Amino acid sequence: MVVRELAPGVSSVGAIDWERRLFDSLIPLPDGTSYNSYLVRGSEKTALIDTVDPLMEFELVKNLVEAKTERVDYLVVNHAEQDHSGTVPMIAELFPAAKVVCSEKCKEILPALLDIDPERIIAVKDGDTMDLGGKTLEFIMAPWVHWPETMLTYLKEDRILFSCDLFGSHYAMSELFSDGAAIRETASKRYFAEIMMPFRGSIRTYLDRISAMGPEVIAPSHGPCLKPAAAIIDAYRGWTSDEVKNEVVILYVSMHGSTEKMVHHLAGALMAKGIGVRVFPLTSSDIGLIATSLVDAATVVIGTPTVLFGPHPLAANIAFIANALKPKTKFLSVVGSYGWGGKTLDQLTGMLTHVKAEVIEPVMVRGAPGAKEFQAIERLAANIAEKHASIGIR
Ligand code: FEO
């Protein structure tokens, strides 16, 4: 990567990770990612805002050399997670006079994660400012925008918001800036779904304040810088709202074909009623795409056979993930089959307690579905359509 200029005295010095294909040992990264780090030079002081994943620490050091960085006075840590903070110890060693600047909560967490002398950490509060000499940083506490210690940093003169994970995307691209149009409904929405969706209630409370600050550029810690800033903020308003779309997401696994037949019948019946349907076979689906589809679908249906006494492990796994992501899904149902009995329904619905959805009567079939069972599936489709109409979506 090369050093690029966001504004006079403000440079991007982070790393593009074109090759990475898995994050957190869980999330597929079809488009790679980047770990963004920004150098802000005032007439008096220099600040480095966030660092990079230690996997790419050499890139950051190389870029700091290329940018002829003679001093770093402040190492601003917006977020303690190691993909942004992991190279702080190395930078602190290279610039022994540098102070680490972070939130009070981050000051508690950081020394537990990294080898950092607590004496070098300056904790800032909401609204505190730091004058670098013609470049003023304002710190905005944003707890539970991913972690409880998270803050945002606003460069007032240049109207650049360094938003850390917020508004980011796992998207490697050579250009520094994007208007966001090409990735908003794909990489940006996927990133929101995977990382931010569990915190949508909290994120919603920051959006008006961020808009009122009038940022011209959003400089996140992953993916391109977004300009204009308003478009991604507006997209977040929609994703974090309680509004859902007339869509059903069907997540299923089948062993001998019974559940698959039911799922296909249900998808057809819903489509005939004008409802949007997304079907994901759990043996081969990208969980990032599943998460994206959960951002605004009104209904989720899980399809599963009964394995021994409960749901198929792949169905249990996606129920666990969906429960952790806390989508705003309004309705939930289950279809599937069993041989002799079991507690599939109770176990699945018991795993989805964080999804505040009304359960629509499931359809569980003994063995293979026949005419009577397909009628039950059609009734389920009709019930879903009625429920959607009852909340005003068609
Ligand atoms: Fe990109 Fe929460 O770290």
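These numbers come from a predicted model, not from an experiment. Order of listing sets the numbers, starting from 1, for every ligand and every atom in it. If you read the sequence from its start, that first residue is 1, and numbering goes on from there.
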Test item: side-chain donor near acceptor, Thr299 and His388, under 3.5 Å: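 Distance-only check passes for Thr299 and His388.
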Residue pair Ser211 / Arg237, side-chain donor-acceptor N/O under 3.5 Å: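 Yes, a side-chain donor-acceptor pair sits under 3.5 Å.
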Geometric class of the Trp144/Phe199 ring pair [parallel <30°, tilted 30-60°, perpendicular >60°]: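 Answer is parallel, since the angle falls under 30°.
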Side-chain touch Thr129/Phe139, heavy atoms, less than 4.5 angstrom: no
Need the atom name: nearest N/O/S atom of [X] to atom 2 (Fe) of ligand 1.
| X | value |
| --- | --- |
| Asp165 | OD2 |
| Glu81 | OE1 |
| His146 | ND1 |

Metal check, atom 2 (Fe) of ligand 1 vs His84 N/O/S, cut-off below 2.8 Å: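 No N, O or S atom of His84 is closer than 2.8 Å to atom 2 (Fe) of ligand 1, so no.
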Centroid separation Tyr154 to Phe162 less than 6.0 Å: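 Between Tyr154 and Phe162, the centre distance exceeds or equals 6.0 Å.
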Metal check, atom 1 (Fe) of ligand 1 vs His222 N/O/S, cut-off below 2.8 Å: yes
Residue Asp83 atom name (nearest to atom 1 (Fe) of ligand 1; N/O/S): OD2
